[in-house]
Amino acid sequence: DVTLLNRTNETLQNLTLELATMGDLKLVERLQQYTLAAGASKVIRANIKVSSTETGVIFGNIVYEGAGYAERNVVVLNDIHIDIMDYISPATCADVQFRNMWAEFEWENKVGSNITLLV
């Protein structure tokens with residue numbers, strides 16, 4: 001979640017949170033544009049898919065147009081370094097629950113293909 005707060009006296013138009021990832025992180029959907037009135041705030045949620053335990057980095061910009069500006073303004077955000085191992089902790093579950101989760105995980109990583117072999 002990213003909270004944007006317009007602390008100016010102008011309405012910010014076409015406001016967008018642009019995110020890019022490096023490593024085994026992937027943005028799930030493209031974020032939409034907003035108009036943010038003076039003094040208003042907006043919480044933007046960005047879903048990111050993690051595909052391994054490798055460390056990843058999220059880069060971001062806030063891009064907007066204000067009243068009277070001929071071009072777009074860009075605010076560069078600090079990089080966010082994510083180590084997934086910081087969020088993983090040991091746990092227990094029943095055998096049946098583990099087998100169900102394992103089957104679901106295995107299914108997500110299967111890719112169907114048709115191959116013709118000539119011998």
Side-chain angles (χ1 to χ4, degrees):
D1 291 346
V2 176
T3 302
L4 300 175
L5 175 61
N6 182 358
R7 296 175 65 182
T8 70
N9 294 325
E10 300 177 1
T11 297
L12 304 180
Q13 299 174 355
N14 298 324
L15 183 131
T16 307
L17 174 64
E18 296 179 342
L19 297 176
T21 60
M22 186 172 73
D24 290 330
L25 304 174
K26 179 181 175 187
L27 288 170
V28 175
E29 76 273 341
R30 182 180 166 98
L31 301 173
Q32 66 185 56
Q33 291 185 343
Y34 300 96
T35 297
L36 201 57
S41 65
K42 178 72 179 169
V43 176
I44 300 175
R45 173 166 286 196
N47 294 312
I48 297 175
K49 182 177 181 178
V50 178
S51 59
S52 79
T53 58
E54 298 295 320
T55 299
V57 182
I58 302 172
F59 305 96
N61 297 323
I62 298 171
V63 181
Y64 65 94
E65 296 172 1
Y69 296 119
E71 56 188 57
R72 302 188 88 182
N73 298 294
V74 178
V75 177
V76 179
L77 303 175
N78 289 336
D79 303 343
I80 301 171
H81 295 261
I82 298 178
D83 185 356
I84 300 307
M85 294 306 291
D86 291 342
Y87 302 94
I88 296 176
S89 59
T92 59
C93 66
D95 288 345
V96 173
Q97 184 183 13
F98 176 80
R99 291 180 200 285
N100 288 337
M101 289 187 291
W102 184 266
E104 182 179 330
F105 175 75
E106 185 179 10
W107 175 254
E108 287 180 357
N109 292 302
K110 287 185 179 178
V111 177
S113 62
N114 294 324
I115 300 172
T116 303
L117 296 175
L118 301 174
V119 183

When the side chains of residues 83-97 are checked against the rest of the protein, which donor-acceptor pairs come out under 3.5 Å, sequence neighbours left out?
| from | atom 1 | to | atom 2 | distance (Å) |
| --- | --- | --- | --- | --- |
| D83 | OD1 | M85 | N | 3.3 |

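- Applying the side-chain hydrogen bond (donor to acceptor under 3.5 Å, both in side chains) criterion to N61, with sequence neighbours excluded, gives no partner residue.
- Between L4 atom CG and I44 atom CD1 the span is 4.5 Å, to the nearest 0.5 Å.
- Residues G60 and L19 approach most closely at CA-CD2, 3.9 Å, considering heavy atoms.
- Remark: S51 pairs with D24 by the side-chain contact (heavy atoms from CB on, under 4.5 Å) rule, at least two apart or across chains.
- In the hydrophobic clustering, where aliphatic and aromatic side chains (Ile, Leu, Val, Met, Phe, Trp, Tyr) are joined below 4.5 Å either directly or transitively, V74 groups with V63, V76.
- Residues V57, F59 make up the rest of the hydrophobic cluster containing M22, defined by ILVMFWY side-chain heavy atoms closer than 4.5 Å, directly or through other members.
- Counting heavy atoms of neighbouring residues, nucleotides and ligands inside a 6.0 Å radius, atom CG of N47 exceeds 12 of them.
- To the nearest 0.5 angstrom, L17 atom CG is 6.5 Å from L77 atom CG.
- Within the structure, every pair that satisfies the salt bridge (Lys or Arg N to Asp or Glu O under 4.0 Å) test and touches residues 28-45, not counting sequence neighbours, is listed here: D1-R45.
- Taken from CG in L15 to CD in Q33, the straight-line distance is 8.5 Å, to the nearest 0.5 Å.
- Within the model, atoms CD1 of I80 and CD1 of I48 stand 7.5 Å from one another, a figure rounded to the nearest 0.5 Å.
- In terms of heavy atoms, N14 sits closest to E65 at ND2-OE1, 2.9 Å.
- Annotation: side-chain contact (heavy atoms from CB on, under 4.5 Å) contacts of A38 (sequence neighbours excluded): none.
- Under the side chain to side chain contact (heavy atoms under 4.5 Å, CB included) rule, Y64 has a single partner from L36, T8, V75, T16, which is V75.
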